[in-house]
Amino acid sequence: MRTLIQALKTKELRNKILFVIFMIIIFRIGSFIPTPGVDYTAVQKCASLETAENFVGLVNLFSGGALLQLSIFALGIMPYITASIVIQLLRVVIPRFEELHKEGQSGEAKLTEYTRYLTIGLAVLQSTTILVTARSGQLFNGACTQQIIPDSSVWNLSVMVLIMTGATGFIMWMAELITEKGIGNGMSILIFTSICSSFLPQLWTIGYAKHEWVKFGVVVAVIIFILIFVNYIELMQRRIPVQYTRRMIGRKMYGGTSTYLPIKVNMSGVIPPIFASSILAIPTLVAQFGNSSQKWVIWINTNLANTTSTWYICLYSLMIVFFTFFYTSIIFNTDETADNMKEYGGFIPGIRAGRATSEYLKYVVNRLNTVGSIYLLFVCLIPTVLIMALNLSSRLPFGGTTILIIAGVGLDTLRQAAAQTEQFQYEGFLLKADAASAKAELNK
């Protein structure tokens, strides 16, 4: 609160905060504008029906409920998230992408351009899939008999795909504007907005609509505890001391300083739960197109569509652990880090530079990943424990992914706001000091 009050007192930061709020309002308005060609009344009737959790439910969470309303912002920021993750994974497969990553700012700009192109391509693919699924009635798991798209001609569907794809590009542009002219990462803030917009109303239905106030209180208390716990863990880091030797460059001496290499306990962030949920939700989506009397459809609906089943919990846990180690190995290359330290004359005290440093970093990272995977399992399985303990609906209004995103984005935005607040206060202090010194000179 102190940081927020100080930011609002500064004109530049106040304008940035108001700009972010303005972008969020536009983003939420677009989530309620129906796509031309959709029967909005039929969509509202179908959206009110209870549907099982699947891949569509996951995308609907990241779109702030806009997907099941078939609005122009139905895709939300999901295509951009998918494109960003794919580009990062392709660095391991495509050497050119790894070279661009090592080139610095110019290379990252090129990778960002590739991400934008891939985002548009994925938006076309996903919008086409969603519209075809909605036309066949499977978007709501077959529970809706309303005709959502009256005109299913190729021309009408093409126009709808074009509108949804253009809206995705507009969201991507808004996110970049927030990053450039506002506070925090624009894409993260839009994700935060989408999740909170569906998280809070669903949470309130536990107490207000179902009148289960005791369960409502327990869920709120657990959410507050987990948010505090997540904030504490996300700020934890292992600091590896690094010593730089002195070097003579021209007539000046450089180096000879001591610093540290910070390594977070949870380096993979929210990616492992997202990957695990997405992969486990795909079979349930495929099962919707099968016959409900077939054995494989019955097995999927019993074991994978139910988040409290033994099969789902075991597979979900194994995937979280696997993706924690896998994704960390991609974003943190120990060999590259060791080579960079050696190039600039840095070394870890007691560890030889080069290969020995790389092996030591791998040893430390693997130990931290073990703790990080246990932490992610603890956070992600708490909703399942609450469902079983309180006998709640499987559509619990929060999950491990939701909590991690809310806490992570909140922390990152707050830290950036605090840093910019200190920057403007420091500049004001210098201006006052210069004015005081100038006044003293005039008095002399």
Side-chain angles (χ1 to χ4, degrees), residues 4 7 12-36 38 58-88 108-127 130 159-200 269-270 274 401-402 405-406 408-417 420:
L4 180 60
E12 291 82 358
L13 293 180
R14 184 169 61 250
N15 292 336
K16 289 185 177 183
I17 294 174
L18 293 176
F19 178 77
V20 173
I21 295 175
F22 178 69
M23 289 289 106
I24 290 176
I25 293 174
I26 294 178
F27 178 66
R28 290 305 300 157
I29 291 175
S31 300
F32 292 96
I33 300 177
T35 303
V38 173
L58 182 66
V59 178
N60 187 59
L61 172 67
F62 284 97
S63 65
L67 172 62
L68 294 184
Q69 295 182 6
L70 290 178
S71 67
I72 58 175
F73 285 175
L75 299 179
I77 36 75
M78 200 63 181
Y80 187 84
I81 296 175
T82 307
S84 300
I85 295 174
V86 168
I87 293 297
Q88 284 186 338
E108 290 295 336
K110 198 66 178 178
L111 289 176
T112 302
E113 183 180 349
Y114 293 155
T115 304
R116 293 170 182 168
Y117 293 147
L118 183 59
T119 299
I120 299 301
L122 290 175
V124 173
L125 178 62
Q126 291 182 13
S127 58
I130 289 171
V159 172
M160 295 173 70
V161 168
L162 182 63
I163 292 174
M164 286 186 175
T165 304
T168 302
F170 181 71
I171 292 174
M172 186 167 53
W173 175 69
M174 281 198 308
E176 293 179 355
L177 279 182
I178 293 175
T179 304
E180 179 182 355
K181 299 183 179 181
I183 297 178
N185 183 277
M187 196 58 63
S188 299
I189 290 177
L190 293 184
I191 296 173
F192 181 87
T193 304
S194 299
I195 291 179
C196 287
S197 63
S198 57
F199 168 78
L200 296 176
V270 74
I274 291 179
T401 307
T402 304
I405 291 176
I406 291 177
V409 175
L411 274 176
D412 181 64
T413 306
L414 183 61
R415 279 183 289 188
Q416 292 192 32
Q420 294 192 29

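From a predicted model like this one, the values you see are computed outputs, not experimental measurements.
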Working to the nearest 0.5 Å, report the span between [atom1] of [X] and [atom2] of [Y].
{"X": "Met78", "Y": "Thr168", "atom1": "CE", "atom2": "OG1", "result": "12.5 Å"}
{"X": "Ile195", "Y": "Ile405", "atom1": "CD1", "atom2": "CD1", "result": "3.5 Å"}
{"X": "Thr413", "Y": "Phe192", "atom1": "OG1", "atom2": "CZ", "result": "7.5 Å"}
{"X": "Leu125", "Y": "Thr165", "atom1": "CG", "atom2": "OG1", "result": "10.0 Å"}
{"X": "Leu13", "Y": "Leu18", "atom1": "CG", "atom2": "CG", "result": "11.0 Å"}
{"X": "Ile87", "Y": "Leu111", "atom1": "CD1", "atom2": "CG", "result": "7.0 Å"}

[Y] side chain reached by [X] side chain, heavy atoms, under 4.5 Å:
{"X": "Pro36", "Y": "Ile163", "answer": "yes"}
{"X": "Met23", "Y": "Leu190", "answer": "no"}
{"X": "Ile26", "Y": "Phe170", "answer": "yes"}
{"X": "Leu75", "Y": "Ser127", "answer": "yes"}
{"X": "Gln126", "Y": "Thr82", "answer": "yes"}
{"X": "Leu70", "Y": "Ile130", "answer": "yes"}

Under the side chain to side chain donor-acceptor pair (under 3.5 Å) test, which residues partner Arg116, sequence neighbours left out?
Glu176

Residues passing the salt bridge (Lys or Arg N to Asp or Glu O under 4.0 Å) test with Glu180, sequence neighbours excluded, are none

By salt bridge (Lys or Arg N to Asp or Glu O under 4.0 Å) - contacts of Lys181 (at least two apart)
none

Which residues satisfy the ring pair (Phe, Tyr, Trp, His ring centres under 6.0 Å) test with Phe22, sequence neighbours excluded?
none

Here the pair of heavy atoms bringing Phe27 nearest to Thr193 is CD2-CG2, 4.3 Å

Determine the minimum heavy-atom distance between Met187 and Ala175, stating which atoms define it.
CE-CB, 3.4 Å

Could you check whether any side-chain N or O of [X] sits under 3.5 Å from a backbone N or O of [Y], counting only pairs where one atom can act as donor and the other as acceptor?
{"X": "Thr179", "Y": "Gly186", "answer": "yes"}
{"X": "Gln416", "Y": "Gly184", "answer": "yes"}
{"X": "Ser71", "Y": "Pro34", "answer": "no"}

Enumerate the residue pairs fulfilling salt bridge (charged side-chain N to carboxylate O under 4.0 Å, His left out) with a member in residues 17-27, sequence neighbours excluded, ordered by first and then second residue.
none

Working for side chain to side chain contact (heavy atoms under 4.5 Å, CB included), residues Val86 and Leu118:
CA-CA 9 Å; Val86 168; Leu118 183 59; 3.8 Å; yes

Of all residues at least two apart in sequence or in a different chain, which pass the side chain to side chain contact (heavy atoms under 4.5 Å, CB included) check with Val20?
Ile24, Ile178, Ile189

